[in-house]
Amino acid sequence: MRFGTSYFGNRMLKHARKDLEELKSQGFEIILHTYSENDFQFYRKTMKDLVEMSKDMGFEVWIDPWGWGGIFGGEAYSGFLQMNMEEAQLSNRGKRKGSVCFNSEKFRHLMKEWIDAVKEAGADVVFWDEPHFHEYQSTTFPHEWTCRCERCQIIFNERYNYNIPVEYNDDVSEFRSTSILDFFKDLTSYASEKGLRNSLCFLPEESDQLGIKNYRMFVELEAIDDIGSDPYWIVFNKPLESFVKEVTDRVVKLAKEYGKTDHMWIQAFRIPKGRENEILKAWKTMEECGVSTILFWGIDACSHMSSIASEDPGKVWKIVLDIVNGRVK
Ligand SMILES: [Zn+2]
């Protein structure tokens with residue numbers, strides 16, 4: 001079993017060195033660095049130094065397009081959307097949304113420049129974090145949906161030989177899936193050509209609403225090397241064991257079927273007081289399902305980020321370290 005954690009909230013290398021050395025000594029083998037649009041614009045050289053430092057310490061380095069375009073997971077805003085509002089997803093009710101259109105060539109171009117920076121930094125893996133369409137409440141979707149922008153209208157018309165409808169139908173559903181698929185075909189093959197590995201982390205639900213209604217068509221992509229998911233039982237308010245088992249089983253089986261490697265994330269943020277030991281249960285469940293790599297989100301149980309901090313981060317992190325160190329069986 002390999003273990004990893006995410007690292008974020010600090011761009012000061014002298015502090016990062018201390019943190020990373022500690023993580024290494026505790027037995028973590030993988031470090032995931034978030035690499036937001038803000039980092040890309042203002043910290044490109046710093047990120048390179050951070051990745052180099054991590055590699056020198058012997059970590060495998062995963063890089064996360066944190067919050068990019070509003071279509072990836074992460075607590076980071078999109079400067080691209082701010083500057084290019086016409087590239088945003090357009091709802092069938094004519095409203096622009098805070099998520100970029102998967103068919104935006106301009107956005108794909110920027111992401112390829114980012115992949116160049118990830119390569120130049122010397123990272124190992126591009127970690128595609130929870131890609132999704134603009135998220136609606138279940139009471140709103142599919143009465144309202146995206147994307148019906150000018151680009152999508154043209155592509156839809158070419159593919160289905162009629163104008164993209166206003167009301168949701170099966171063709172729209174399929175079109176949304178294939179829009180994400182096209183996006184990944186393009187970007188993962190670009191990263192792969194550069195010698196980077198691609199890891200795709202699915203939201204823990206195959207859902208029409210979020211745009212990926214079947215993991216399988218993504219796992220089939222040749223340039224995808226690794227798949228995973230993040231069944232955060234407290235965030236999604238689900239029963240721990242059945243939820244974690246169901247999602248882990250699905251990922252492990254698909255990975256095996258297509259000869260890919262697998263990973264899973266354990267929630268180590270926003271853990272309420274008194275529920276810390278649930279982390280042990282999640283880990284045991286994943287281990288029984290046979291997953292090869294487990295990562296924790298995130299460092300120090302996110303004590304440094306108030307919006308997602310655990311109530312007793314010290315206790316949460318101690319449990320995480322006990323698992324990584326092999327002090328609990
Ligand atoms: Zn669109």
What distance do [X] atom [atom1] and [Y] atom [atom2] have between them, rounded to the nearest 0.5 Å?
X: D49; Y: R44; atom1: CG; atom2: CZ; value: 13.0 Å
X: T188; Y: I224; atom1: OG1; atom2: CD1; value: 4.5 Å
X: E246; Y: E241; atom1: CD; atom2: CD; value: 13.5 Å
X: K281; Y: I266; atom1: NZ; atom2: CD1; value: 13.5 Å
X: N214; Y: E206; atom1: CG; atom2: CD; value: 5.5 Å
X: Q153; Y: N103; atom1: CD; atom2: CG; value: 12.0 Å

**Report entry** Check: D262 main-chain N/O paired with S292 side-chain donor or acceptor under 3.5 Å
**Finding:**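 Flag set: sc S292 to bb D262 pair under 3.5 Å.
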
Query raised in the report: Donor-acceptor pair, E22 side chain versus L20 backbone, under 3.5 Å?
Result: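 No; zero donor-acceptor contacts below 3.5 Å.
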
Taking the side chain as everything from C-beta on, heavy atoms only, tell me whether [X] gets closer than 4.5 Å to [Y].
X: F102; Y: C152; result: no
X: I63; Y: W114; result: yes
X: I319; Y: N277; result: yes
X: V118; Y: L196; result: yes
X: I71; Y: P131; result: no
X: M111; Y: F72; result: yes
X: D116; Y: Y190; result: yes
X: V328; Y: W283; result: yes

Can a side-chain donor-acceptor contact be found between [Y] and [X] if the only test is distance below 3.5 angstrom?
X: W128; Y: N198; value: yes
X: E37; Y: Y77; value: no
X: S229; Y: R250; value: no
X: H109; Y: E105; value: no
X: S173; Y: D208; value: yes
X: Q26; Y: N325; value: yes
X: W233; Y: Q267; value: no
X: E144; Y: Y136; value: yes
X: D300; Y: S303; value: no
X: D226; Y: S199; value: yes

Report task. Show your working on salt bridge (charged side-chain N to carboxylate O under 4.0 Å, His left out) between D186 and K112 and close with a plain yes or no. Result -> CA-CA 9 Å; D186 191 2; K112 284 178 185 170; 2.8 Å; yes

Requested in this report: Apply side-chain hydrogen bond (donor to acceptor under 3.5 Å, both in side chains) to E193 and list each qualifying residue two or more places apart in sequence or on a separate chain.
Outcome: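 Here no residue qualifies.
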
Query raised in the report: With sequence neighbours left out, what residues match E130 under side-chain hydrogen bond (donor to acceptor under 3.5 Å, both in side chains)?
Result: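 Partners of E130 under the side-chain hydrogen bond (donor to acceptor under 3.5 Å, both in side chains) test: none.
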
Counting neighbours of [atom1] on [X] that are heavy atoms of other residues, nucleotides or ligands and sit closer than 6.0 Å, is the number greater than 12?
X: K213; atom1: NZ; result: yes
X: E52; atom1: CD; result: yes
X: E311; atom1: CD; result: yes
X: E113; atom1: CD; result: yes
X: R96; atom1: CZ; result: yes

Taking the six-membered ring for Trp and the full ring for Phe, Tyr or His, determine whether the centres of [X] and [Y] are under 6.0 Å apart.
X: Y35; Y: Y43; value: no
X: F3; Y: F28; value: no
X: Y232; Y: W297; value: no

Are [X] and [Y] linked, directly or through other ILVMFWY residues, by side chains that come within less than 4.5 angstrom of each other?
X: L203; Y: V235; answer: yes
X: F175; Y: F184; answer: no
X: F40; Y: F107; answer: yes

Report task. Name all residues meeting the side-chain contact (heavy atoms from CB on, under 4.5 Å) criterion together with E158; count only those two or more places apart in sequence or in a different chain, and write none if there are none. Result ->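 side-chain contact (heavy atoms from CB on, under 4.5 Å) list for E158, sorted by chain: I154.
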
Query - Passing candidate, ring pair (Phe, Tyr, Trp, His ring centres under 6.0 Å) with H304, options Y7, W317, F8, F269 - result: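 Passing option: F8.
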
Query raised in the report: Pairs in or reaching into residues 71-82: which pass salt bridge (Lys or Arg N to Asp or Glu O under 4.0 Å), with residues at least two apart or in two chains?
Result: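 Salt bridge (Lys or Arg N to Asp or Glu O under 4.0 Å) check on residues 71-82 returns no pairs.
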
Query raised in the report: When T146 is tested against each of S91, S179, S99 for side-chain contact (heavy atoms from CB on, under 4.5 Å), which residue passes?
Result: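 Checked S91, S179, S99 against T146; only one passes side-chain contact (heavy atoms from CB on, under 4.5 Å): S91.
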
Minimum heavy-atom separation for [X] to [Y], with atom names?
X: V51; Y: G122; result: CG1-C, 3.8 Å
X: R151; Y: A88; result: NH2-O, 4.0 Å
X: D129; Y: P65; result: N-CD, 4.4 Å
X: V61; Y: S54; result: CG2-CB, 3.6 Å
X: R11; Y: T46; result: O-CG2, 3.5 Å

Query raised in the report: Please walk me through it: do S307 and R270 pass side-chain hydrogen bond (donor to acceptor under 3.5 Å, both in side chains)?
Result: CA-CA 8 Å; S307 63; R270 274 171 59 187; over 6 Å; no

Report task. Please determine if R176 forms a cation-pi arrangement with F133, meaning its NZ or CZ atom is less than 6.0 Å from the six-membered ring centre and no more than 45° off the ring axis. Result ->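 Yes; both conditions hold, so R176 lies above the ring face of F133.
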
Report task. Give the C-alpha distance, both sets of side-chain angles, the deciding distance and a yes or no for side-chain contact (heavy atoms from CB on, under 4.5 Å) between R197 and D124. Result -> CA-CA 6 Å; R197 295 180 65 228; D124 301 295; 5.9 Å; no

**Report entry** Summary of ring pair (Phe, Tyr, Trp, His ring centres under 6.0 Å) pairs that have at least one residue in residues 207-228, sequence neighbours excluded
**Finding:**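 Qualifying pairs, neighbours excluded: F202-Y215.
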
Query raised in the report: With sequence neighbours excluded, what pairs up with F127 under the ring-ring contact (aromatic ring centres under 6.0 Å, His included) test?
Result: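 ring-ring contact (aromatic ring centres under 6.0 Å, His included) check on F127 returns W62, H263, W265.
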
